[in-house]
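Every chain is numbered from 1, with letters handed out A, B, ... down the list of sequences. What you see is a predicted model, and the numbers here were worked out from it, not measured in a lab.
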Amino acid sequence: MATPLLEIEDLYAGVDGKEIIKGFNLTINAGEIHALMGPNGAGKSTLSNILCGKPGYHITSGRVYFKGKDLLKLSAEDRAREGLFLSMQYPVEIPGVSITSFLKHAVNAVRKYQGMPELDTMEFIKILRQEGKNLGLDADMIKRDVNVGFSGGEKKRLETLQMSILKPTLAILDEADSGLDIDALRVVAEGVNALHTKDNALLVITHYQRLLNYIVPDSVHIYADGKIVRTGGKELAMELEQKGYAEFMKEKND
Amino acid sequence: MSNENKNNIEIVDEAGDNYKYGFVTDIKADTVPAGLNEDIIRLISHKKGEPDWLLDWRLKAFKFWQTMVEPVWAKLSYDKIDYQNLSYYSAPKQKVAPKSLAEVDKSLLDTYEKLGIPLKEQEVLSGVVAVDAVFDSVSVATTYRAKLAEQGVIFSSISEAVREHPDLVKQYLGSVVPYTDNFFACLNSAVFTDGSFVYIPKGVKCPMELSTYFRINAKNTGQFERTLIIADDDSYVSYLEGCTAPQRDENQLHAAIVEIVVLDNAEVKYSTVQNWYPGDKDGKGGVYNFVTKRAACRGVNSKVSWTQVETGSAVTWKYPSCVLQGDNSSGEFYSVAITNNRQQADTGTKMIHIGKNTTSKIISKGISAGFSNQTYRGLVKVSPNADNARNYTQCDSLLIGTTCGSHTVPYIENRNRTAILEHEATTSKISDEQLFYCRQRGIGEEEAVSLIVNGFCKEVMQHLPMEFAIEAAKLINISLEGSVG
């Protein structure tokens, strides 16, 4: 029997009084990779933001459990400390804050929460350098300020680096391929795959099938108008690529 | 130095003083009444055993002060100060110093804890023990001074300098900030109690950073502090003023003066961390800080830089300035000012270009939170003969929350067409996106704010001496506690 990491039950939620998520159900077990595919504007980012506790959204009804805990009751930082990670579509710049300093704060906040001793700067830099090297990152990059002046590809690599440092139990990749050329895409995908074990899980949000050639999902869900309209294996992504979203939306409306 | 401490020392001083100069008024030394008049000034001068020229100077200043009116142009509002209701000679108070840290206000101790201040120092700061009792002081201070004396560096209280080096003091006192300069500077000139005196001889690079914290005669500085620094030809000194730890201080009005004279090829680096009592959440109490700080770059190739981190005081009125007289001289101003709750700060700098090829740089970072209000007020002035003057100004403001205010008032007066002047200003808020990004990585909200704020200040903080910078970063975090959420 698989261990459920994430259970979303009949979730209704939205922003600015507008309902965007309408009866969403999804269970992700340890060891699994799920892909959530949907057209632009379907509310994919809304879903990931809500799961990660970004302020400004409302929950109308439904329940979300993460590792058996009521996720919606936790603060954004506690969700992260519990092992939920969001690789963001548009990572924000934080001027004057070096990647090293930022990530050291993050790692130690998580370690503290989990009852582990905090890392000192030397220990941390050693780990950071090693992880950076594994991802083929320039050693100078980790000295730069968080996302400041980064290209799209660099930002996504930095997200992957953070993921490899924080070692989340469930990582949500929100449009991890947007703005990436094929080489960068491969690097990011390899990094993500290397982190995947039987104890953690991935939720890959994308609107192209392309990324799924590199990160191969166990299940593919088609998301439209606030809920999953169809679930299948990885071949569903291929079918979607051929037919387009309109076909599936129609199917739902029938 | 806490007030209690000062009082103890004063009381001891008074006891040993039999008015040997036969002072004429019937004012009892340990009960100087409130009010300001010539007699009080005579008393101050006499108690310090000052020469006549200095007393005359004080009296002239006082006379002039009586013709002046308090400035109202700053964007500050505070209750009117009743100058006749203040005590001008470090008024001794009968209040007893706390006997142990157990008697000290808990919030103060919490702050010390967060700053990581050793227990012994906590005792000094909170007024449990006098400095002397802790630092073994005579030995620390004498070793310190002996080392400086080897190089001919003079570092003493200004009172001592008046006695020991009257010619130097007479030559330079008031030469950068004349008593006619402004209302508060004039008041200070009349009643200043003590402060630091530094002289760096020709060709000497001062072997250590000079800090008021360790100066032996830091006892009587009080509310009208006066500092005079002279860097002779080809010399260098780095001077640190203040302390990150909040100090107990019941003097509400502070009006200090710092004068710096920089001669040929000399350089002075002046760093300040100001953390006086800002008042409570509703703005009750708190220090009014009206300071005049100015450096005269008199020599060719002379250089001065002001670096300040201002987190304290209820009201701050402060514009450390550079008068660039010598050809090729340069002035720099790096500032971080943080206001929270009901604090008000009107601060900035003046860069006066007089010599040829003079350069100046201003980096000002203002952070406002709570219901505070902050103004950057700066003047860049280029005189007709200041060919090829160059200024770069950057003023960045960061707002936390929606109830604070930030204002930028840059004045530029250019009378020379070869000047190149640049001004950049930004106002930003800590964005929800930045906060969420940090929190999504497990960093709590307050920690995230401090991380972002410290990043915002980095350009200034890197100009502080290393240890000072680390303390100042902690101080910034403490100052902003409770400003989010």
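Both the backbone and the side chain of B:Glu433 come within contact range of chain A, judged by heavy atoms closer than 4.5 Å. Interface remark: A:Pro91 contributes backbone and side-chain atoms alike to the contact with chain B (heavy atom separation under 4.5 Å). For a residue to count as touching a neighbouring chain, one of its non-hydrogen atoms must lie under 4.5 Å from one of that chain's; by this rule A:Asp145 touches chain B with the side chain only. The parts of A:Phe102 that come within reach of chain B are both its backbone and its side chain, each placing non-hydrogen atoms under 4.5 angstrom from that chain. Neither the backbone nor the side chain of B:Cys457 comes within contact range of chain A; no heavy atoms are under 4.5 Å apart. The part of A:Leu166 that comes within reach of chain B is its side chain, from C-beta onward, which places non-hydrogen atoms under 4.5 angstrom from that chain.
Side-chain N or O atoms of B:Gln440 include none that pairs as donor or acceptor with a backbone N or O of A:Glu77 at under 3.5 Å. Not one N or O on the side chain of B:Arg441 forms a donor-acceptor pair closer than 3.5 Å with the backbone of A:Ala106.
Counting heavy-atom pairs under 4.5 Å between each of A:Lys112, A:Glu82, A:His105, A:Arg79 and chain B puts A:His105 at the top. When B:Ile430, B:Ile452, B:Leu451, B:Asn454 are compared by the number of non-hydrogen pairs under 4.5 Å with chain A, B:Leu451 comes out ahead.
One distance of note links OG of A:Ser98 with NZ of B:Lys458; it measures 5.5 Å at 0.5 Å rounding. For the atom pair A:Asn108 CG and B:Ile443 CD1, the distance stands at 10.0 Å (nearest 0.5 Å). To the nearest 0.5 Å, the span separating CD1 on A:Ile94 from CD on B:Gln434 amounts to 5.5 Å. Here B:Tyr437 contributes atom OH and A:Gln162 contributes atom CD; the two are 4.0 Å apart, rounded to the nearest 0.5 Å. How far OG of B:Ser431 is from CD of A:Glu93: 10.5 Å, rounded to the nearest 0.5 Å.
Here the closest non-hydrogen pair linking A:Pro55 and B:Phe436 is CD-CD1, 4.3 Å. Between B:Gly442 and A:Ala109, the closest heavy-atom pair is O-CB, 3.1 Å.
Within 6.0 Å of atom CG in A:Asp140, more than 12 heavy atoms from other residues, nucleotides or ligands are found, so the atom counts as buried in its surroundings.
For B:Asp432 and A:Lys54, the salt-bridge test fails: no basic side-chain N is under 4.0 Å from an acidic carboxylate O.
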